[in-house]
Amino acid sequence: MATVDIRGFCPPPFEKVRDAFADNFAQGLELGARFALAIEGEIVVDLMAGWADRGETIPFGPDTLTAVFSTTKAMAALMVAMLVDREALTYDEPVAGLWPRFAAAGKSAVTVGEALSHQAGLPGFAEPMAPAAWFDHDLIAGKLAAMTPMWPPGSAAGYHPVTFGYLAEELFRRRDGRTIGTALREELAGPFGLDLWIGLPDAEHARCADVRRPPAVPDLGPLTEPRRVAFLTSWASPGGVSLAEWRRAAIASVTGHATAPALARMMAILACDGVLDGRRVLSSDAVRQACAQRIAGPDLVLPFEISWAAGVMRNAGQWIYGPGARTVGHSGWGGSCAFADPDRRLSGGYVMNRQSAQLIGDARARRLIDAAYSGA
C-alpha cells in the first residue's frame with residue numbers, strides 16, 4: 001500500500017479511521033481530503049492529506065477551504081431552524097403567507113416545511129435560460145413564484161438540487177431581513193469560530209482548494225422530466241461566470257465553502273440537543289422540528305427512497321451516515337457530507353476536492369464514517 005502524509009490527530013480508539021483515510025488515498029480516490037469527528041461538539045478526530053491544487057504543489061492544510069456543494073443545504077436548514085426557534089417562522093405556515101406571489105399556479109397551500117423537504121414540485125426549469133441567470137436571485141425567485149409545480153405539492157418529494165437555496169433564501173430574507181450567508185456569519189460562524197461560508201469574500205479565495213470534476217455523470221436511473229430539469233439541461237446549474245464570481249455567490253443550496261471541523265461542530269448543534277460549547281443555539285423543540293420526518297418514499301429526482309426532514313436527510317432507510325436511525329445529514333455533489341447522531345451525540349464532516357460520480361453516500365465518506373463508529 002502506498003504511503004500518504006496524513007496530518008492532524010486521531011487517538012488510538014479511532015485508529016481504524018486513519019487506516020480508512022489512508023486507504024482512500026492508496027486506492028487513488030483522493031486528491032486532497034479532510035475528515036473530522038466531534039463528540040459533544042469537541043473535535044476528537046481531524047485528519048487531512050493530499051493536495052489543495054490540481055498541480056499537487058500546495059498541501060491540503062488546516063486553512064484549506066473546500067466547496068461543499070449541496071452540503072450547503074445543511075447550513076441553510078440550520079439557519080431556518082433558528083428562525084423557527086425564535087417564532088419568526090413556522091414549518092406549517094404557507095410559503096405564500098410570507099411571499100404572496102408564490103401562491104400562483106396552484107402553490108397557495110405549500111408550507112415552509114414542504115418547501116424545505118423538496119415537496120414543492122419545483123426541481124428546476126424546463127424553459128431554456130442562460131446558466132448565468134442563477135446569479136440573479138430576484139430573477140430566479142420570480143420564476144419559482146410563477147412556476148407550475150411538476151407534481152402535486154405535498155404528494156411526493158423530488159430533490160431540488162439548486163432551487164432549494166432560492167426557496168430557503170426567500171423565506172429567510174422575508175422574515176429576517178438578512179441573507180442566509182450574512183446571518184450564518186453573524187449568528188453562528190463568527191461567534192463559534194466556524195470556518196463556514198455561503199458567499200465567500202474575495203479575501204478568502206486564495207485558500208480554496210481546486211476541484212477535480214468526476215470522471216463520469218451520475219446514474220439517475222430512467223430519464224423523467226423532473227430528473228431532466230433538475231440535472232440534465234445545460235442550464236440546470238449555475239455557470240457561465242468566473243470562478244471568483246461563483247465563489248462570491250450566496251446560493252444557499254450549492255455555493256457553500258467549509259472545513260471538515262467546521263461542518264462537524266455545526267452539526268453538533270443537532271447532535272447535542274441544540275447546544276454547542278455549553279451555549280444553547282436551538283431549543284430542544286426546534287431541533288425536534290428540524291429533524292422530524294416530513295415525507296418518506298421514492299424520490300422523484302434522486303433514484304433512491306429517502307426520508308426528508310426540513311432541509312436535511314434522515315439516515316433511516318439509506319444508512320449512509322452510520323447506524324443511527326435518528327441521524328440526519330446532507331451530502332454534496334462529488335462526495336462531501338456532514339451528519340449528526342443525537343443518540344451518540346456524535347457529528348462529523350468530510351470534504352474533498354476530487355469528486356466522484358456518486359449522488360449520495362460516497363464510498364470514501366462511508367468508509368470513514370463506518371470506521372468512526374467502530375471506535376465511538
Side-chain angles (χ1 to χ4, degrees), residues 31-32 52-55 58 64-76 79 122-147 159-170 172-173 178-185 189 195-215 217-218 228-259 301 330-336 351-355 357 359:
L31 175 59
D53 63 324
R54 283 185 287 268
I58 304 170
T64 300
L65 274 176
T66 311
V68 296
F69 298 95
S70 284
T71 302
T72 307
K73 294 179 176 70
M75 303 184 206
M79 298 312 299
L122 311 172
F125 301 116
E127 66 277 11
M129 67 180 192
W134 290 105
F135 297 91
D136 184 336
H137 173 85
D138 291 341
L139 173 66
I140 298 300
K143 289 170 71 68
L144 289 170
M147 183 176 167
Y159 186 53
H160 292 39
V162 184
T163 55
F164 171 96
Y166 297 85
L167 298 173
E169 186 74 56
E170 197 69 18
F172 195 93
R173 290 185 189 186
R178 296 172 293 178
T179 67
I180 290 177
T182 297
L184 176 71
R185 295 302 307 164
D195 211 349
L196 301 171
W197 307 83
I198 301 177
L200 191 66
D202 288 4
E204 308 293 338
H205 290 200
R207 56 193 187 97
C208 287
D210 293 342
V211 174
R212 183 175 290 174
R213 301 297 188 186
V217 297
R228 186 186 76 84
V229 303
F231 285 114
L232 299 175
T233 68
S234 61
W235 59 89
S237 60
V241 299
S242 68
L243 179 57
E245 189 171 349
W246 188 92
R247 288 172 172 164
R248 233 177 260 133
I251 302 174
S253 47
V254 292
T255 62
H257 289 74
T259 64
V301 172
H330 214 292
S331 299
W333 180 48
S336 70
V351 301
M352 71 320 122
N353 61 346
R354 180 172 185 166
Q355 296 183 305
L359 289 164

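None of these values were measured; they are calculated from a predicted model.
In this structure, CZ in Phe135 is found 8.0 Å from OG1 in Thr255, a value given to the nearest 0.5 Å. For the atom pair OG of Ser336 and CE of Met352, the computed distance is 6.0 Å after rounding to the nearest 0.5 Å. Expressed to the nearest 0.5 Å, how far CG of Leu65 lies from CZ of Arg207 amounts to 3.5 Å. For the atom pair NE2 (His330) and OG1 (Thr72), the distance works out to 9.5 Å, reported to the nearest 0.5 Å. Expressed to the nearest 0.5 Å, how far CD1 of Ile251 lies from CD1 of Ile180 amounts to 12.0 Å. In this structure, CG in Leu243 is found 7.5 Å from SG in Cys208, a value given to the nearest 0.5 Å.
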Task: Verdict with supporting geometry, Thr259 and Thr64, side chain to side chain contact (heavy atoms under 4.5 Å, CB included) - done: CA-CA 7 Å; Thr259 64; Thr64 300; over 6 Å; no

- [ ] Under the side chain to side chain contact (heavy atoms under 4.5 Å, CB included) rule, what do Val68 and His257 come out as? Steps first, then yes or no, please.
- [x] CA-CA 6 Å; Val68 296; His257 289 74; over 6 Å; no

- [ ] Start with the C-alpha distance between Leu184 and Trp197, add both sets of side-chain angles, then the distance that settles side chain to side chain contact (heavy atoms under 4.5 Å, CB included), and finish with yes or no.
- [x] CA-CA 7 Å; Leu184 176 71; Trp197 307 83; 5.8 Å; no

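No side-chain heavy atom of Met79 sits less than 4.5 Å from a side-chain heavy atom of Thr182. Side-chain contact between Val254 and Ser237 is absent, with no heavy-atom pair separated by less than 4.5 Å. Proximity of Val217 to Phe231: side-chain heavy atoms (C-beta onward) are nowhere separated by under 4.5 Å. At a threshold of 4.5 Å between non-hydrogen side-chain atoms, the residues Lys143 and Met129 count as touching.
Looking at residues two or more places apart in sequence or on another chain, you find a side chain to side chain contact (heavy atoms under 4.5 Å, CB included) between Asp202 and His205, Arg248. When the ring-ring contact (aromatic ring centres under 6.0 Å, His included) test is applied to Trp134, the partners found at least two apart in sequence or on another chain are Phe125, Tyr166. Legend: residues meeting side-chain hydrogen bond (donor to acceptor under 3.5 Å, both in side chains) with Glu170, ordered by chain and number and at least two apart, are His137, Arg174.
Residue Ser234 comes nearest to Pro131 through the heavy atom pair O-CG, 3.5 Å, listed as atom of the first residue, atom of the second, then distance. The minimum heavy-atom distance linking Ala209 with Thr66 is given by the pair CB-OG1, 4.4 Å. The two residues Leu196 and Arg185 make their nearest non-hydrogen contact at O-NH1, 2.7 Å. Contact between Ala236 and Ala230 at its shortest, heavy atoms only, is CB-O, 3.7 Å. Residues Phe172 and Arg178 approach most closely at CD2-O, 3.4 Å, considering heavy atoms. Closest non-hydrogen pair, Ser70 versus Tyr159, comes out as OG-OH, 2.8 Å.
Side-chain atoms of Lys73 do not come within 3.5 Å of backbone N or O of Ser331 as any donor-acceptor pair. The backbone N or O of Val162 lies less than 3.5 Å from a partner atom in the side chain of Ser253, making a donor-acceptor pair. Remark: side-chain polar atoms of Gln355 are paired, donor with acceptor, to backbone N or O of Trp333 under 3.5 angstrom. A donor-acceptor pair under 3.5 Å is absent between the side-chain atoms of Asp195 and the main chain of Ala258, judged by distance alone. The backbone N or O of Asp210 sits less than 3.5 Å from a side-chain atom of Asn353, completing a donor-acceptor pair.
Here Glu204 does not pair with Arg247 in a salt bridge; the nearest charged N to carboxylate O distance is not below 4.0 Å.
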